[in-house]
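Reading through the structure tokens given below for one structure.
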Amino acid sequence: MTIKELEQILIDEKVRKGDYSLSDSQPIIYDGFLIRKGDHGNWLLYYMERGQKDLLATCDKEHKACIEFLKLMATEDKQLQKYIPKSEVV
């Protein structure tokens, strides 16, 4: 899965854009999940609330980061669970 594919899933499932950010050009309004490519080619997953950004996970591959991002978002948006591969479900 790529960031572009992840974005399409979130759009298709009508996840509110203010609840996530997939790039620096897409700000979080109040609180939500962020995914960013790190300086060393890794992927960083954050949760931001009231301006406080907390690192939740670091992934070495874009695909893994997208799956982990979906897992995090699926805790609140259950309809996203269907996009998580069975091999990734705990």
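Reckoned from all heavy atoms, side chains included, excluding hydrogens, waters and symmetry mates. For the single chain, residues carry numbers from 1 onward in sequence order.
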Is the shortest heavy-atom distance from the side chain of [X] to the side chain of [Y] under 4.5 Å?
X: W43; Y: I35; answer: yes
X: L56; Y: E68; answer: no
X: E13; Y: D77; answer: no

Fill in: For the student: nearest non-hydrogen atoms of C59 and A65, plus distance
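Looking at all heavy atoms of both residues, the closest pair is SG-CA, 3.7 Å.
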Worksheet entry | Heavy-atom closest pair, residues L45 and L55 |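 Answer, listing the atom of L45 first, then L55: O-CD1, 3.5 Å.
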Just how far is it from atom [atom1] of [X] to atom [atom2] of [Y], taken to the nearest 0.5 Å?
X: M73; Y: Y47; atom1: CE; atom2: OH; result: 9.5 Å
X: Y20; Y: D31; atom1: OH; atom2: CG; result: 15.0 Å
X: E76; Y: K78; atom1: CD; atom2: NZ; result: 8.5 Å
X: L34; Y: F69; atom1: CG; atom2: CZ; result: 7.0 Å
X: D39; Y: L44; atom1: CG; atom2: CG; result: 8.5 Å

Worksheet item: Given the rule in the side chain to side chain contact (heavy atoms under 4.5 Å, CB included) test, do E49 and D54 qualify, once you have shown the distances and angles that lead to the verdict?
Response: CA-CA 8 Å; E49 184 174 17; D54 296 312; over 6 Å; no
Worksheet item: Is a side-chain N or O of R36 found less than 3.5 angstrom from the main chain of S23, in a donor-acceptor match?
Response: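 Looks like yes, one N/O pair under 3.5 Å.
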With a cut-off of 3.5 Å and sequence neighbours excluded, list every side-chain donor-acceptor pair involving residues 2-11.
| unit_1 | atom_1 | unit_2 | atom_2 | d |
| --- | --- | --- | --- | --- |
| T2 | OG1 | K4 | N | 3.4 |
| T2 | OG1 | E5 | N | 3.1 |
| T2 | OG1 | E5 | OE1 | 3.4 |
| E5 | OE1 | T2 | N | 2.7 |
| Q8 | NE2 | D12 | OD1 | 2.7 |

